[in-house]
Amino acid sequence: MFPFQLQVVSIPVKANFRGLKFRELALFEGPAGWSEFSAFTEYQDREAATWLAAAVEAANEPAPKPIRELIPINATLPNVKVSEVKQLLAGFNGCTTIKVKINDFISDHELLIETLTHIPKAKFRLDVNGGWSLDEAVANLQSYEQAFGELIEYVEQPCSDIADLNTIRSKTNLKIAVDESIRKFLGGDLAKLKEVADIAIIKWAPSGGITSALKIIENIGLPVVISSALDSSVGISHGLSLAATVPNLYGACGLGTVLLLEGDVTSAPLLPVSGFMRNHKVIPDRLTEFKAPPQRQRWWQDRANAIFEGGLL
């Protein structure tokens, strides 16, 4: 049986982020403090086990000594209506690098135009989540490049096929960042990603924790952006601990995503101020407010038990 008792919360999501209306998270406290197990509910036990390993490490082991205290932060703009852009960006205090979830150029380029009316000096990161074929990627990215040029820092995972990424680099001048190509192939030769990408997107939980993430970063050998997976401030605190230790950090990190939730597990949430975040130990004093129903409490505890008893950690 998993040696920690989980406390599960369900927090409403503000906008269309991964199609979720509520974000379920399981929290528990260990010798080193509070931790968070938040593998998305559709993930099978083997994939979720990596997230649970990260949570167990954070609960038991103190974070490494930081090399920086302030972490630069990017705003995260889900694929929303243009009319929603202003309100969503408002909470990202001082953030001028904007990560935008896009589907294609025709339907989504107006999100960038609207952003520039509110943040004239904005730089963009386009996130596709591997959703395009090679032909779609080339056509869309050439259009984005022609319209916005140097305002685009990079495009994140335009295709899921690694071979296609290299072709895209030969067709545009845009930098390529990889996310799913790392998380889905943790057992492979990640050093090969240097041949097809310019930036690595690393997330604390899907990497298996800080120790594992630092090894992955070393193996890949690319500049790094630390991002999140719609975590509460508990999970964000561990992402910030990771960002604070990475030597080859590439600019702003995607750790301001508590702002995409309608609430948080703490009354002192981790939010950007003047474009930066400073980490602090998070005490989840709002668990009761967002407590999930008993059947969901059991589901998450059973999930953790199955992973632990199945020897997947």
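A ring-centre distance under 6.0 Å is found for Phe28 and Phe2.
Remark: Ile67 CD1 is packed, more than 12 non-hydrogen atoms of other residues, nucleotides or ligands lying under 6.0 Å away. For CD of Glu42, the number of neighbouring non-hydrogen atoms (other residues, nucleotides, ligands) closer than 6.0 Å is greater than 12. Shown here is Glu218, whose CD atom has no more than 12 heavy atoms of other residues, nucleotides or ligands within 6.0 Å. Around the CD atom of Glu150, the shell of radius 6.0 Å holds no more than 12 heavy atoms that belong to other residues, nucleotides or ligands. Annotation for Glu309: atom CD counts as buried by contact number, over 12 foreign heavy atoms lying within 6.0 Å. The environment of CD in Glu289 is crowded: more than 12 heavy-atom neighbours from other residues, nucleotides or ligands sit within 6.0 Å.
The NZ atom of Lys121 sits 13.0 Å away from the CG atom of Leu116 when rounded to the nearest 0.5 Å.
Ser35 places a side-chain heavy atom less than 4.5 Å from the side chain of His238. Residues Thr172 and Val138 have side chains not in contact (no heavy-atom distance under 4.5 Å, counting atoms from C-beta outward). Within the 4.5 Å cutoff, side-chain heavy atoms of Phe124 are placed close to those of Thr115. Using a 4.5 Å heavy-atom cutoff, the side chains of Leu230 and Leu260 are in contact. Taking 4.5 Å as the limit, every side-chain heavy atom of Asn279 sits out of range of all side-chain heavy atoms of Ile71. Counting heavy atoms from C-beta on, the side chains of Gln7 and Glu29 never come closer than 4.5 Å. Counting heavy atoms from C-beta outward, Thr96 and Lys123 have side chains that stay 4.5 Å or more apart. Looking only at side-chain heavy atoms (C-beta outward), Leu52 and Leu313 come within less than 4.5 Å of each other.
Leu111 and Val128 fall within a single hydrophobic cluster, where Ile, Leu, Val, Met, Phe, Trp and Tyr side chains are chained together by heavy-atom contacts under 4.5 Å. Linking ILVMFWY side-chain heavy atoms closer than 4.5 Å, directly or via other members, places Ile236 and Ile11 in a single hydrophobic cluster. Criterion: ILVMFWY side-chain heavy atoms under 4.5 Å apart, direct or through other members. Under it, Val13 and Tyr43 are part of a common hydrophobic cluster. Placement of Phe4 and Ile307 within a single hydrophobic cluster is found when ILVMFWY residues are connected by side-chain heavy-atom separations under 4.5 Å, directly or transitively.
Between Asn129 and the choices Lys101, Gln157, Glu156, the side-chain hydrogen bond (donor to acceptor under 3.5 Å, both in side chains) rule is met once, by Lys101. Results of the side-chain contact (heavy atoms from CB on, under 4.5 Å) test with Ile182 over Leu222, Ile216, Ile217 single out Ile216 as the only residue that passes. Evaluated for a ring pair (Phe, Tyr, Trp, His ring centres under 6.0 Å) with Phe37, the options Phe308, Trp51, Trp300 yield exactly one hit, Trp300.
Side-chain contact of Thr41 with Glu24: a donor-acceptor pair under 3.5 Å is absent, judged by distance alone. In this structure, a donor-acceptor pair under 3.5 Å is absent between the side chains of Ser233 and Thr266.
Partners of Glu153 according to the salt bridge (charged side-chain N to carboxylate O under 4.0 Å, His left out) rule, which considers only residues two or more places apart in sequence or in another chain, are Arg125.
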Can you give me every donor-acceptor pair (side chain of residues 204-213, partner residue at least two apart or in another chain, under 3.5 Å) with its distance?
{"residue": "Ser207", "atom": "OG", "partner": "Lys203", "partner atom": "O", "Å": "2.7"}
{"residue": "Thr211", "atom": "OG1", "partner": "Glu57", "partner atom": "OE2", "Å": "2.6"}
{"residue": "Ser212", "atom": "OG", "partner": "Ser207", "partner atom": "O", "Å": "2.6"}

message: Using the rule given for side-chain contact (heavy atoms from CB on, under 4.5 Å), can you reason through Ser227 versus Asp179, listing the C-alpha separation, both sets of side-chain angles and the distance that settles it, and then say yes or no?
response: CA-CA 9 Å; Ser227 191; Asp179 177 5; over 6 Å; no
- request: Could you go through the side-chain contact (heavy atoms from CB on, under 4.5 Å) check for Leu112 and Leu126 one step at a time?
  value: CA-CA 10 Å; Leu112 280 66; Leu126 309 181; 4.0 Å; yes
- request: Please assess Arg296 against Ser10 for the test side-chain contact (heavy atoms from CB on, under 4.5 Å), listing each intermediate value before the final yes or no.
  value: CA-CA 9 Å; Arg296 298 308 298 164; Ser10 179; over 6 Å; no
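A distance-only check finds a donor-acceptor pair linking the side chain of Asp198 to the backbone of Ile176 [under 3.5 Å].
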